[in-house]
Structure formats: structure tokens, C-alpha cells
S.K.: 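Once you've had a glance at the structure underneath, I'll fire off some questions.
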Amino acid sequence: MIGDPDPASVGVADPVAESSAARDEKDALRPGIAAGSRLRLIGLLAAVAVLMGTIWLSLVVGAERIPLGDLWRALSSDENAHVHAVLWELRIPRTVTALVVGPALGVCGALIQAYTRNPLADPGILGVNAGAALAITLALGLTEITSPTGYVWFAFAGALIGTVLVYAAGSAGPGRPTPEKLTLAGVAIAAVLGGITQVLTLKNAQVFAGSLQWSIGSVGGRSLDLVGALAPFIAVGLGLAMLAAHPLNALALGEDLGRALGARVNSTRALTVVAVTLLAGGATAIAGPIGFVGLMVPHGVRWFTGPDQRWIIPCTAVASAILLIASDILGRIVLPTGELQVGLVTAFVGAPVLVVLARRRSAHGL
């Protein structure tokens with residue numbers, strides 16, 4: 001009697017052997033995955049250390065340099081009234097402002113890039129900042145509200161409306177909204193909303209005078225009370241961003257495959273839109289429209305973390321804070337007299353960095 005043929009001899013895979021081989025392959029990959037996670041964690045901790053050093057530089061560097069010994073005494077007492085005033089009235093508020101606004105802008109950009117699967121997306125390009133800026137301009141011109149804590153609700157509404165308009169325009173016509181369609185719609189709507197904002201400010205001298213510095217983008221002149229009032233909104237936005245990180249990883253493979261992997265597409269969309277609205281609206285209400293942070297920082301972070309949003313979001317938050325604080329320091333010392341607003345510094349820094357990033361294939365992966 002002839003026995004059953006060996007599955008391997010006739011080219012048929014043995015299910016038991018195949019599953020065993022798959023398990024062996026996964027077991028072999030686990031040390032590499034664990035090593036990669038440890039490397040990312042070390043990188044994140046190193047970035048936090050760099051952030052601490054940047055904060056220290058922000059306190060001591062400026063038109064008047066403060067020696068280290070005087071810094072610690074001035075923080076705890078007003079023995080030197082002048083240094084004490086410089087620290088608590090000028091440098092600490094603007095450092096805290098950058099520490100809050102930077103992560104909001106960077107994470108907002110990372111979310112939009114993951115949501116649209118478009119590496120060129122950011123709050124500025126997709127009209128989110130333009131919507132918030134227009135809403136705040138309308139609040140300044142049509143109401144008696146002058147405090148950011150009062151017009152922050154206008155900023156949230158404007159950011160949400162800008163996001164909805166871009167998605168609606170990108171979804172028009174046959175087929176699903178593609179990254180290219182969303183980008184074109186975002187650029188067009190941002191241009192329209194920005195043009196309306198400029199017309200309003202030029203027609204109303206009072207609005208123009210009150211919003212000039214804000215419209216450039218600055219972390220100077222913001223009080224700790226203002227930042228403290230708006231920081232909870234940004235904190236909630238950052239928390240929602242972390243909740244959306246895992247399903248965004250699944251959706252990066254496409255909606256159909258994302259659903260097959262268990263991602264709830266509509267819930268993830270809603271969670272991402274709410275997070276983007278809180279982050280962009282809060283940051284714009286505090287510091288005005290600051291560009292390039294949300295565009296270039298996630299690119300640089302992905303070089304190190306890869307496409308995993310669970311690492312991209314926290315690393316982007318830390319790196320964005322470093323970038324904004326460092327840009328503010330540079331703005332204080334680059335001119336012989338006066339200072340350069342941080343929104344202008346990020347534009348000068350961001351343009352060449354973006355060119356370098358665009359030339360690197362590794363920057364394209366989401």
C-alpha cells in the first residue's frame with residue numbers, strides 16, 4: 001500500500017509547519033521591535049533633556065543676559081528687582097507660551113498629515129489657521145471682545161469651519177477625497193479666508209491696529225493668566241491626539257483595510273477633527289497664526305520614529321516646543337535693536353528645512 005505523499009514533495013504547504021514558521025519568524029522579530037522601541041524611548045528622553053536646556057537658555061538669553069547665579073536668586077526672591085521683573089514679566093511668560101503653543105501646532109500638523117495621508121498637510125495649508133484667524137478678526141471687529149479668553153470660542157469655531165469647508169470641497173465630485181484634492185482645496189480656501197481677513201483689517205483701522213502683532217505670530221506680550229486659561233483646551237486636544245494615534249495607524253493602510261483591522265473610521269475622523277480644532281484654535285488664539293511648525297517637525301520626527309503615530313505624536317510635541325522656544329530666542333538676538341517675531345523666524349527657518357525634507361525620500365513616508 002502506497003502511503004500519503006509528503007506535502008512538501010508535491011508543493012503543498014503544510015499548515016502546521018507554516019504556522020510554526022510564522023511563529024518562529026515573529027519571535028525572531030520581537031527582539032528587533034523591542035530594540036527599536038527602546039531606541040525611540042531613549043530618543044524621546046534625550047529630546048526632553050534638550051527641551052530643558054532650551055528652556056534654561058530662554059530664561060537667560062536676550063537683550064540683557066542674566067548670569068546663572070542671578071537667575072536662581074531672581075526666581076526665588078526680588079532682591080534684584082530689575083532681573084526679577086525681566087524674568088517674571090517677560091521671559092517666563094513667553095517661554096511658557098512657546099511651551100504650550102509649540103506642541104499644539106506640531107501635533108496638529110502630525111494629525112492632519114496622518115488623517116489626510118498627505119505629508120504636505122499642516123494647519124496653515126489646510127485652512128485651519130486661516131479659519132481661526134478670520135473668526136478672531138470678526139470677533140475683534142464686530143464685538144467688544146478684546147481678550148483672547150473671550151475670542152477663543154471664535155477661534156475654535158473658525159478652525160472647525162475651516163476644516164469642514166476643506167473636507168467638503170475635497171470630497172466634491174466623483175470618488176473619495178484624496179490627499180491631492182484635500183491639499184488643493186485647503187490651499188484655495190486658506191487663500192480665500194486669508195484674503196477676507198486682510199480686507200477686514202485694512203478697512204477697519206482699529207481692528208488692524210489691534211491685531212497687527214497677533215496676525216504675524218508672536219509669543220511675546222502674553223500673560224500667564226491667558227496661557228493658563230487656554231492651556232486646558234490644548235491639553236485635552238493632546239490627549240485626544242494620543243487616543244487617535246492607534247486607529248490612525250490602521251487608517252494609514254486605507255479605509256477598507258483599516259476597517260478590517262478593527263478601526264472605527266467615523267469615530268477616528270470625529271476624534272481627529274475635534275483634536276485638530278482644539279489644538280489649532282487654542283494655539284491661534286494665544287499666539288496668532290504661526291506657520292511651518294506643524295509642517296516640518298512631524299517630517300523630522302518620522303525620520304527617527306518611523307510611521308507609528310503612537311511615537312510620532314509625543315516626539316512631535318517635544319520637538320515642536322524645542323523649535324518654537326529656540327526660534328523665539330533667535331528672534332530676540334538676531335537684530336541689533338528690537339526683536340523678530342517668532343512667526344517670521346519659523347518661516348525663515350522652515351523654508352530651507354522644508355526644501356531639504358522634500359529631497360529626502362524617507363521624509364515622504366506616513
S.K.: If every non-hydrogen atom of Ile290 is compared with every non-hydrogen atom of Gly343, which pair is closest and at what distance?
M.R.: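 The answer is CG2-CA, 4.3 Å.
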S.K.: If only atom types and distance count, is the side chain of Ser327 paired as donor or acceptor with the main-chain N or O of Val342 below 3.5 Å?
M.R.: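 Judged by distance alone, no pair lies under 3.5 Å.
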S.K.: Just to verify, what does Ile161 make a side chain to side chain contact (heavy atoms under 4.5 Å, CB included) with, not counting sequence neighbours?
M.R.: Leu165
S.K.: Taking atom CZ of Phe304 as the centre, does the number of heavy atoms from other residues, nucleotides or ligands within less than 6.0 Å exceed 12?
M.R.: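 Counting other residues, nucleotides and ligands, CZ of Phe304 exceeds 12 neighbours.
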S.K.: Tell me which pairs pass ring pair (Phe, Tyr, Trp, His ring centres under 6.0 Å) where either residue lies in residues 94-113, with sequence neighbours left out.
M.R.: none
S.K.: What residue pairs, at least two apart or across chains, pass salt bridge (charged side-chain N to carboxylate O under 4.0 Å, His left out) with a residue in residues 309-320?
M.R.: Asp308-Arg310
S.K.: Please list, chain by chain and in numerical order, all residues satisfying salt bridge (charged side-chain N to carboxylate O under 4.0 Å, His left out) with Arg91, sequence neighbours excluded.
M.R.: none
S.K.: Can you see which heavy atom on Ala285 is nearest to which on Leu230, and at what distance?
M.R.: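 Closest heavy-atom pair between Ala285 and Leu230: CB-CD1, 4.0 Å.
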S.K.: Can you pull out every side-chain hydrogen bond (donor to acceptor under 3.5 Å, both in side chains) where at least one residue sits in residues 42-51? Sequence neighbours excluded, please.
M.R.: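 Residue pairs with at least one partner in residues 42-51: there are none.
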S.K.: With sequence neighbours excluded, tell me which residues meet side-chain hydrogen bond (donor to acceptor under 3.5 Å, both in side chains) with Thr95.
M.R.: Ser58
S.K.: For residues 311-321, pull every pair meeting side-chain hydrogen bond (donor to acceptor under 3.5 Å, both in side chains), keeping only residues two or more places apart or in separate chains.
M.R.: none
S.K.: Check for me, please, whether Ile322 and Ile92 land in the same ILVMFWY cluster - side-chain distances under 4.5 Å, paths through other members count.
M.R.: yes
S.K.: What closest approach, in Å, do Ile189 and Ala169 show between heavy atoms, and which atom pair accounts for it?
M.R.: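 The pair with the smallest heavy-atom distance is CD1-CB, 4.0 Å.
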S.K.: Going by side-chain contact (heavy atoms from CB on, under 4.5 Å), Pro123 matches just one of Val128, Val276, Thr163. Which one?
M.R.: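 Looking at Val128, Val276, Thr163, the match for Pro123 under the side-chain contact (heavy atoms from CB on, under 4.5 Å) is Val128.
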S.K.: Side chain to side chain contact (heavy atoms under 4.5 Å, CB included) with Leu243: which residues, sequence neighbours excluded?
M.R.: Leu240, Leu271
S.K.: Are Gln309 and Arg302 linked by a side-chain donor-acceptor pair shorter than 3.5 Å?
M.R.: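 Absent: no donor and acceptor within the cut-off.
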S.K.: Test of understanding: with side-chain hydrogen bond (donor to acceptor under 3.5 Å, both in side chains), list the residues that count as partners of Asn129, not counting sequence neighbours.
M.R.: Thr284
S.K.: Using side chain to side chain contact (heavy atoms under 4.5 Å, CB included) as the criterion, list what pairs up with Met242, not counting sequence neighbours.
M.R.: Ile313, Pro314
S.K.: Which atom pair, heavy atoms only, marks the closest approach of Ala326 to Thr54?
M.R.: N-CG2, 3.9 Å
S.K.: Of all heavy-atom pairs between Gly194 and Ala130, which one has the smallest distance, and what is that distance?
M.R.: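 Taking every non-hydrogen atom into account, N-CB, 4.4 Å.
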S.K.: Given 3.5 Å as the limit, does a donor-acceptor pair link the side chain of Arg332 with the main chain of Val61, or not?
M.R.: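 Flag set: sc Arg332 to bb Val61 pair under 3.5 Å.
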S.K.: For residues Val192 and Leu200: do they belong to one hydrophobic cluster (side chain heavy atoms under 4.5 Å, members Ile, Leu, Val, Met, Phe, Trp, Tyr)?
M.R.: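 Linked, Val192 and Leu200 end up in one cluster.
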S.K.: Per the side-chain contact (heavy atoms from CB on, under 4.5 Å) rule, which among Val48, Leu45, Val301 passes with Val318?
M.R.: Val48
S.K.: Of the non-hydrogen atoms in Pro298 and Val293, which two are nearest, and what is the gap between them?
M.R.: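 It is CD-O, 3.8 Å.
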S.K.: Trp153 vs Phe233 aromatic rings, parallel, tilted or perpendicular, using cut-offs 30° and 60°?
M.R.: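 The rings of Trp153 and Phe233 stand perpendicular, inter-plane angle above 60°.
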S.K.: What residues form a side chain to side chain contact (heavy atoms under 4.5 Å, CB included) with Thr277, not counting sequence neighbours?
M.R.: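 Here the qualifying residues are Phe156, Ala159, Leu160, Val273.
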